[in-house]
Amino acid sequence: MPPHLVRIPPLAICCTLDGVEPVISPDGRSSWSSDAVEVFTDMCGFTKVLIGKLSNDVKVGDIINHSRDCPLRLQLVDSNSDRPVAINEQLIALGFARLSRKFEDTHGASDYDEETEEMDNWNPMAEDYLSHRNSYMVDVDDPGVAAVNYKAQDERRICKFYNSRRSHCWRGSDCPFEHVAYKGFVTTTDRREAFGFCEDELQLELPSTDSWITVNVTCVVNPSHFYVVLPFGNKSISDMVTDVKRPVQSSQHDEGYYDQTPSSMPDQKDSLDYLMDCLQDCYKSRVYVDTDLIVYTDGEIVVVRFTQDERWHRAKIITSDPDNNRVQVLYVDFGNKEWVTQERVRQIQKEFLYLPFQAVECRLPLCANNTSGQLWSDRAKQFFIESVKGKYLIAHVLQRSQERILYIDLYDTNIGADLNINKSLKERGHARKIALPGLQSWTSYSSFCETDSAQTLQGKAILIPG
């Protein structure tokens, strides 16, 4: 052999399929059958160029020191057709192979299928289309975007004449650009419009203490911490009944006729349902992101697509995690929180800030029936959720805290006998009562049922079902 050929190492590398082994034959042997060898030969061929992925635990030394006793473990993919074929997976599907026990112990039986299914379903065009970088406000070819996710706009705002050698702009005070010295800022002075929480405009007016109102529970943390919305506003039942009993001053009605729509009912445009419909109409066609790549500010008001119903909701940014491309938000009209990717977040339009945030934080004057009084059992949470889910309830406002939290008693009037939910939690051993500081002796539920307002409800079911 010529000397220059002796120095070339052997080019043939001994390999094996990663994560698979032959099926057990009827006679109990575990070896590759002739049919399996023939099918594998047809899949690979001796002239095809295949893609081989090394096992994750293969080291450089294994490649150098490979041998028949220690072959390289590969996942083979035939990409010569329109649809790539994973040969390891195909042998399993045809019944000639099975997952090896070592692979199942290391990765789990489902990891192999999940990895191959993820590759089969991967669509790079869809990923780029739905990316938060797909925006008219993001220049992906700009070095600043590549380095810090932002293209500075300082040069567009600052007058070039003012920063010339003459340091003078002939337009003077009529110049539309800023007259500031600019020598290439290390940090940009750009500003982006963001909407935050304004207590004077976006806070819902809470019902008064010792009032009886209608509520709908929208989010439950535990029985002593949950959120409600007020479907009929902050008016008490007594005030709404008074409106019902007021005769309508109109010639269209006979004398003595009482209008069934009280004036204290919220207008359609001031309702949460109307706002939600408008949000869907505005944002459902906005597939691309309408903002740059600036990290959202804590407390910023945005619009987010909820992961459970895929509908757009108003939300407040709690915290940002730019490294993982996600933010934690509070849905201000319902009270629940979740982590979402930035692709689900959009800047809110001004016209959707007219309605105050609808979620009202509430507590029952109860604590968990255990030593700590804080850790509620799963049975207590489940009972409370089943008692309030999807129902209009009567709430008695006992106290309002400075943090705008309502302490209430809840009553379910949707069943034959009215149910005191606070009392039911105590009777079942899930909770015990706590004393509220400064709590006076308010109207009991039995006393409320004897008032004119409650008597009027028996003949005019305009507020609650049941």
Side-chain angles (χ1 to χ4, degrees), residues 1-131 307-308 323-326 339 341 343:
M1 180 181 294
H4 67 279
L5 297 180
V6 175
R7 293 191 296 268
I8 300 177
L11 300 181
I13 300 177
C14 184
C15 301
T16 183
L17 295 179
D18 182 34
V20 298
E21 60 184 19
V23 295
I24 300 177
S25 61
D27 56 0
R29 293 184 300 175
S30 178
S31 59
W32 294 105
S33 63
S34 57
D35 293 338
V37 175
E38 182 178 355
V39 170
F40 177 72
T41 303
D42 293 339
M43 288 182 178
C44 297
F46 295 104
T47 59
K48 289 184 178 179
V49 177
L50 305 177
I51 298 176
K53 178 184 176 183
L54 291 173
S55 177
N56 295 330
D57 56 351
V58 173
K59 302 178 181 178
V60 177
D62 298 334
I63 301 177
I64 299 175
N65 302 320
H66 72 278
S67 64
R68 186 177 181 87
D69 297 331
C70 186
L72 293 180
R73 299 188 300 279
L74 295 176
Q75 291 184 16
L76 287 180
V77 178
D78 181 6
S79 59
N80 295 282
S81 59
D82 294 336
R83 182 178 177 84
V85 177
I87 295 178
N88 303 43
E89 180 185 5
Q90 192 68 14
L91 287 174
I92 296 176
L94 295 175
F96 294 109
R98 62 173 183 169
L99 283 178
S100 63
R101 294 180 179 178
K102 182 179 180 180
F103 187 89
E104 291 183 357
D105 295 339
T106 306
H107 302 85
S110 62
D111 286 2
Y112 185 84
D113 295 335
E114 291 178 356
E115 183 176 353
T116 55
E117 182 179 359
E118 181 179 356
M119 291 297 297
D120 291 340
N121 297 331
W122 179 53
N123 186 344
M125 294 182 64
E127 182 176 335
D128 290 340
Y129 181 64
L130 299 174
S131 171
T307 56
Q308 294 187 13
D323 294 336
N324 295 311
N325 187 33
R326 63 175 189 164
W339 284 94
T341 59
E343 288 81 2

Test item: Asn324 side-chain N/O and Arg326 main-chain N/O as donor-acceptor pair under 3.5 Å: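 No, because the side chain of Asn324 does not come within donor-acceptor range (under 3.5 Å) of the backbone of Arg326.
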Distance in Å, Asp18 CG paired with Gln75 CD, rounded so as to fall on 0.5 Å steps: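 Taking CG in Asp18 and CD in Gln75, the distance rounds to 5.5 Å.
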Residue pair Thr41 / Val37: nearest heavy atoms and the distance that separates them: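 That closest heavy-atom pairing would be OG1-O, 2.7 Å.
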Main-chain N/O of Met43 paired with Lys48 side-chain donor or acceptor, under 3.5 Å: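 Yes.
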Distance in Å, Leu94 CG paired with Asp35 CG, rounded so as to fall on 0.5 Å steps: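 It comes to 11.5 Å.
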Euclidean distance, Ile87 CD1 relative to Cys44 SG, rounded to 0.5 Å: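 Spacing of SG (Cys44) from CD1 (Ile87) equals 4.0 Å.
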Exercise: do Asn325 and Glu343 side chains pair donor with acceptor under 3.5 Å: yes
Flag side-chain contact, heavy atom, 4.5 Å: Ile24 against Arg98: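 Yes. Closest side-chain heavy atoms under 4.5 Å.
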Reported CG-to-CD1 distance for the pair Leu72 and Ile13, which is rounded to 0.5 angstrom: 6.0 Å
Side-chain heavy-atom pair Val85, Val77 within 4.5 angstrom cut-off: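 Answer no - side chains too far apart.
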Val23 versus Gly95, closest heavy-atom pair with distance: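 It is CG1-O, 3.7 Å.
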Over all atoms of both residues, closest heavy-atom pair of Trp32 and Phe96: CZ3-O, 3.4 Å
From CD1 (Ile92) to CG (Leu17), nearest 0.5 Å: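 It is 9.5 Å, given to the nearest 0.5 Å.
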Exam field: side chain Asn88 to backbone Leu99, donor-acceptor pair closer than 3.5 Å: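 No; judged by distance alone, with no hydrogens or angles, the pair does not exist.
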Contact check, side chains of Val39 and Leu91, non-hydrogen atoms, under 4.5 Å: yes
From NZ (Lys53) to CG (Leu76), nearest 0.5 Å: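 Between atom NZ of Lys53 and atom CG of Leu76 there are 12.5 Å.
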